[in-house]
Structures are given as structure tokens and as C-alpha cells.
Amino acid sequence: MAEDLKLLIAGEWTEGTGDDHYEITSPVTGEHIYNVPKASSADIDRAVAAAREATDEMRHWTAFERAEMCLRIYELWQDRVEDVARILSMEQGKPYQEEAIDDIAESGDYFQIAAEDVKRLSGDVIPTTERNRRMFTVHRPVGVWATITPWNFPVMIPMEYVGPGLATGNALIVKPPEFTSWALLEMAKVFEEAGVPKGAISVIPGAGDIGEALVTHPGVDAVGFTGSSATGRKIVAAMGLKRSIMEMSGNGPTIVTSDADVARAAQAAVYGAYYNAGQVCVATERVIVVDDVHEEFLEASVKAAGDVRLGDPFQATTNMGPLNNEPTAAKMDGHIADALDRGAELVMGGSRAGGYPTDLYYDFTILDRVPEESKVSQEESFGPILPILSARDDDDAVGLANRTHLGLQAAVFTNDLSKAFWYADRIRSGTVIVNDSTDTWETFQPFGGAAGTDTGWGRQTIEEFTDLQTVVFTLRDD
Ligand code: ADP
């Protein structure tokens with residue numbers, strides 16, 4: 001029996017006033033699992049108006065009051081992790097034991113971190129030229145945010161915005177894709193219990209048209225977006241002069257140098273390619289191997305790929321579930337066909353696995369001797385694929401890593417400290433990880449940076465949700 005979900009608008013659980021809804025099927029079973037209403041433009045107006053009222057109220061709260069609210073959310077969050085993780089696996093496809101539980105638990109950490117950071121967010125006292133003048137700065141909330149988020153981490157990514165956003169007194173309207181909105185709507189029940197003002201958080205699932213209505217709404221002050229570069233470009237063109245945090249695609253290169261621990265590099269690269277079935281912006285999207293260790297790396301990768309256990313996400317042994325959706329699976333088909341056409345060699349996998357309830361279960365794939373101009377090398381594949389490219393030496397490897405329009409997180413494997421710094425100084429990427437997978441992050445790590453992506457998270461995030469206001473005092477002359 002499919003569940004009928006409600007939207008969270010202006011502090012109320014509602015069917016909305018639209019006359020349409022989305023019917024969602026599970027990538028795991030192919031079954032119709034829920035219906036979610038499609039909001040009307042009147043619903044969106046109501047969410048925006050309530051968000052304004054909420055941020056106008058929270059603007060006057062002290063940082064300590066907002067921190068307490070975030071800590072209440074963090075505490076209530078913990079009790080629901082296992083139930084919500086089950087929904088997440090069912091709608092998204094990620095393995096329940098291996099990934100979904102940690103994913104949901106970690107999503108709550110953003111409230112704890114924001115609660116700590118906001119208490120230390122101070123302004124400056126500015127020296128003045130006049131004796132009777134005093135000047136200081138205060139961080140004010142930006143206001144109403146439209147937060148447009150993707151389907152690969154449908155709870156965690158919204159919380160990356162909601163944690164620091166609420167802590168600084170903003171109101172956020174979150175728009176997840178309609179087909180991964182259940183776990184988020186379920187978890188959103190904690191906001192009311194934690195005493196979040198009505199309208200400070202609304203959740204309105206939907207497709208691109210709902211996203212567009214939000215980012216262009218005159219009552220919205222700022223946009224938070226995580227998703228593909230193609231959609232990011234459209235949003236930037238449409239939103240006008242709104243403030244924004246934009247986090248987009250990666251093409252995570254892993255470089256394996258001639259002095260690397262090759263077995264460790266292979267394990268980390270394979271993990272980076274199969275974790276969440278490769279549907280991660282910091283996934284290992286390509287491995288650039290210096291020629292001397294190429295054959296050794298290939299052999300070690302095939303061995304490491306033996307650890308990938310594709311299957312039903314609810315079986316404890318499974319560490320890779322189905323892809324989330326057909327366009328992602330079709331992109332994998334296309335990228336593999338393109339690489340083979342250009343002369344790459346298929347080492348393992350290369351197609352959808354048969355015998356599952358849906359066509360979205362994809363075999364872990366290794367391609368060798370991938371030409372640089374192939375789509376798997378130039379674009380984000382977002383699937384369980386390890387494309388191996390060959391570099392003559394370190395200079396050639398850096399060139400290959402940098403010749404892409406995407407740069408989010410890169411990894412280098414070397415046991416030579418000076419070489420590690422040599423690479424970090426040259427790779428154009430928001431993060432460079434030495435001797436671990438590109439799929440490595442901490443919730444408080446500054447993230448993003450190169451190639452048109454904003455740096456968010458980390459301690460700086462809290463400031464990005466604020467406007468700096470300068471207050472100038474003129475004292476009596478005597
Ligand atoms: P993907 O290609 O991985 O589905 P997208 O970048 O298209 O990723 O989607 C990320 C988020 O952006 C989703 O919530 C999606 O609904 C939303 N979106 C898509 N198109 C638009 C648009 N034109 N304006 C605003 N949001 C959009």
C-alpha cells in the first residue's frame with residue numbers, strides 16, 4: 001500500500017491546494033511506495049510569507065537561544081535514525097546497514113556543529129577617524145532561503161543548509177526531488193517538537209518547475225543549491241541578484257604515483273567508485289596511474305573489486321544497491337559505450353545486472369586505458385565505474401587531473417611527503433586528499449572551491465548565512 005505524504009508548509013502538514021501529485025516507485029523493488037502532493041503557486045507563496053515572519057522573529061533571538069534550538073533538534077534526531085534510514089534505503093537504494101544508518105545519523109550532526117559555531121560568531125569593533133564615533137559589525141540573518149537539493153543524499157544535504165541556516169536565524173524552504181522526499185518529510189517532524197518557529201522550515205518536494213518557482217520568487221532572499229552544474233547554471237541565470245551558495249558536480253581524480261602503496265590505492269579507489277553506487281559528488285570518477293605502476297594497479301583493483309557486493313539494500317551483506325533512477329543508469333550505459341568506442345578496454349562489468357526486481361542494479365565496472373577525451377574522463381558519470389587512465393609521469397598526471405571543467409575533491413597516493421605537497425600545490429581542486437579515497441569527508445570540513453563551486457561548510461558556513469551589518473554610533477560632542 002502506497003503512503004500518502006503531506007507537505008510541510010508554514011508549520012502545517014498539508015495536502016496543499018494543487019490538484020496534482022507525484023506517484024513514486026522504489027528503485028529497490030519497483031513497487032509504488034508513496035504519493036506526494038504537488039504544491040500550487042499559492043502554497044509556495046504561503047511558505048515564503050511564513051518564512052519571512054519566522055526569520056523576522058528569530059532575528060531577535062540571541063545566538064545562545066538559537067544554539068539551544070539546534071541542540072534540541074540534534075537530540076530528537078537520534079531517536080529516529082533507524083526508522084528514517086529504512087525509508088531512505090527504500091526510496092534511494094543505498095544499503096541499510098552499510099550506509100543509510102550512518103547517513104541519517106551524520107545528517108543530525110550539522111545541528112550540533114552549527115550550535116557550537118554560532119556561539120562564537122562575533123563581529124568587529126572598527127577604528128574611526130572621529131573621536132565621537134563608535135563603529136561595530138553584527139551578523140544578521142540573510143532572511144528567506146530556497147534550498148534546492150538532490151536525490152543522492154536526500155536528508156543529509158538539506159541539513160547541511162538547515163543547520164547553519166537556523167542557527168543564524170534564517171528561514172529555509174527545502175525542495176528535495178519528489179522521488180526522494182519521504183525520509184526528509186519524516187525527519188522534518190522533529191522541527192516542530194524542537195520548538196522551531198512555524199514556517200522557519202517548509203519542505204516542498206517537486207521537480208525543476210517547483211525549484212524554479214522558488215528561486216525566482218521575489219520574497220526569497222537567497223538560494224542554496226546542490227546538484228548538477230547544468231542545473232546550477234540555469235539557476236544562476238534565473239535567480240537575479242539573490243545571495244547564493246552553489247555546490248555542483250565533481251569529477252574526482254585519484255592519482256596513483258610510482259611510489260604509492262598500490263594495494264591501498266586500489267582499495268580506496270574502488271570504494272570511492274562503489275560507495276552509494278558512485279552517486280556522490282566526491283566519488284572516484286577516474287584514476288590516473290603513472291605508467292610504472294599501471295599493471296600492478298589494474299591487478300590490485302580487480303582484486304579490490306571482489307569486495308563489492310551488489311544486491312538488496314536490506315540484506316546485511318550488501319554494500320552496493322541499485323542506482324536511484326533511470327536517467328543515471330542510462331548515463332552509465334552511454335559513458336561506457338562511448339569509452340569502448342574510443343578504444344578503452346572493458347575489464348569487468350559494463351552493464352546492468354540481470355535478475356533483480358528493477359533494471360537499476362548495475363554491475364561494478366572497470367575500464368582500462370581510457371582515452372582522456374572519453375565522457376567517463378571528462379564528465380561526472382555518477383555510477384559504479386572505475387575508469388583507469390595512464391600518465392607518463394607526475395607532470396602528465398597533474399595535467400590530466402586539471403584538464404576538466406570540474407574540480408571538487410581529488411586524491412593522491414604517494415609515500416613521498418614532498419611529492420604530496422607538490423601535487424597539492426598544483427591540483428586545481430577544492431580539496432586534495434593524500435592517501436585516502438576521494439570519498440572522504442568530515443561534516444565540519446570546508447568543502448567545494450575550484451571550478452565554479454562555492455566553498456561551503458566548515459566554520460565559514462555560518463558566516464555565509466549572514467549579512468554583515470555595520471552599526472555607527474555618534475556620541476555627544478562634550
Ligand atoms: P540531477 O541531474 O542529478 O537530477 P539536478 O541538478 O537536475 O540533478 O537536480 C538537483 C535539484 O535541482 C533537484 O531538486 C531538481 O529538482 C532541481 N532542479 C532541476 N531543474 C531546476 C531548475 N530549472 N530550477 C530549479 N531547480 C531545479
Side-chain angles (χ1 to χ4, degrees), residues 7 20 22 24 27 36-39 41 44 47-48 91-94 144-162 172-185 188 202-218 220 222-240 242 244-252 276-283 285 322-335 360 362 375 379-385 405-406 408 448 451-454 456:
L7 310 173
D20 214 352
Y22 304 99
I24 309 304
V36 61
K38 181 171 180 185
S41 59
I44 290 174
V48 172
E91 69 177 347
Q92 203 281 335
K94 62 183 73 193
V144 177
W145 286 72
T147 310
I148 312 293
T149 54
W151 46 263
N152 55 344
F153 292 88
V155 177
M156 188 187 294
I157 291 174
M159 295 313 118
E160 293 175 358
Y161 294 91
V162 172
L172 300 95
I173 301 164
V174 182
K175 192 217 74 69
E178 69 282 9
F179 51 92
T180 50
S181 57
W182 188 4
L184 178 63
L185 284 164
S202 287
V203 182
I204 307 184
D209 55 341
I210 301 282
E212 205 178 322
L214 281 167
V215 301
T216 55
H217 197 291
V220 167
V223 173
F225 170 73
T226 301
S228 65
S229 306
T231 300
R233 261 191 287 275
K234 281 191 214 160
I235 289 179
V236 169
M239 74 185 176
K242 294 183 166 72
S244 67
I245 299 176
M246 309 288 296
E247 199 250 281
M248 295 170 280
S249 315
N251 194 7
N276 203 21
Q279 303 162 116
V280 190
C281 56
V282 295
E285 287 273 337
L323 291 168
N324 177 258
N325 54 65
E326 178 52 33
T328 301
K331 191 175 188 190
M332 274 286 284
D333 294 340
H335 277 199
L360 298 170
Y362 219 101
K375 288 183 183 165
E379 295 171 21
E380 190 177 46
S381 300
F382 232 54
I385 183 165
H405 62 291
L406 305 168
L408 201 56
T453 295
D454 292 330

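Both ligands and their constituent atoms are indexed starting at 1 by order of listing.
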Given Ile148 and Tyr161, is the side-chain contact (heavy atoms from CB on, under 4.5 Å) satisfied, shown in steps?
CA-CA 10 Å; Ile148 312 293; Tyr161 294 91; over 6 Å; no
Only residue of Thr147, Ile173, Val144, Ile235 satisfying side-chain contact (heavy atoms from CB on, under 4.5 Å) with Leu214 is Ile173
Trp151-ligand 1 polar pair, N/O distance under 3.5 Å: yes
The closest protein heavy-atom partner of atom 17 (C) of ligand 1 is Ile148 CG2, 3.5 Å
When distances are taken from atom 15 (C) of ligand 1, the protein heavy atom at minimum range is Lys175 NZ, 3.9 Å
Would Lys175 pass as a cation-pi partner of Phe225, given that its NZ or CZ must be under 6.0 Å from the six-membered ring centre and within 45 degrees of the axis? no
So the atoms of ligand 1 within less than 4.0 Å of a heavy atom of Gly208 turn out to be 16 (O), 18 (N), 19 (C), 20 (N), 21 (C), 22 (C), 24 (N), 25 (C), 27 (C)
Within the 4.0 Å heavy-atom cut-off, what Thr149 brings close to ligand 1 is backbone
Check your understanding: Do Thr231 and Met248 have side chains that get closer than 4.5 Å, going by heavy atoms?
Key -> no
At under 4.0 Å between heavy atoms, what of Phe225 touches ligand 1? The answer is side chain
ask   = With side chains defined as the heavy atoms from C-beta onward, is the minimum distance between Gln92 and Asn276 less than 4.5 Å?
value = yes
One finds that the ligand 1 atoms under 4.0 Å from a non-hydrogen atom of Ile235 are 24 (N), 25 (C), 26 (N)
Ranked by distance from atom 20 (N) of ligand 1, the top protein heavy atom is Thr231 CG2, 3.4 Å
The answer for which part of Ala238 has a heavy atom under 4.0 Å from ligand 1 is neither
His335 and Ile385, any side-chain heavy atoms less than 4.5 Å apart:
no
Report task. Look at the aromatic rings of Phe179 and Trp151 and report parallel, tilted or perpendicular, splitting at 30° and 60°. Result -> tilted
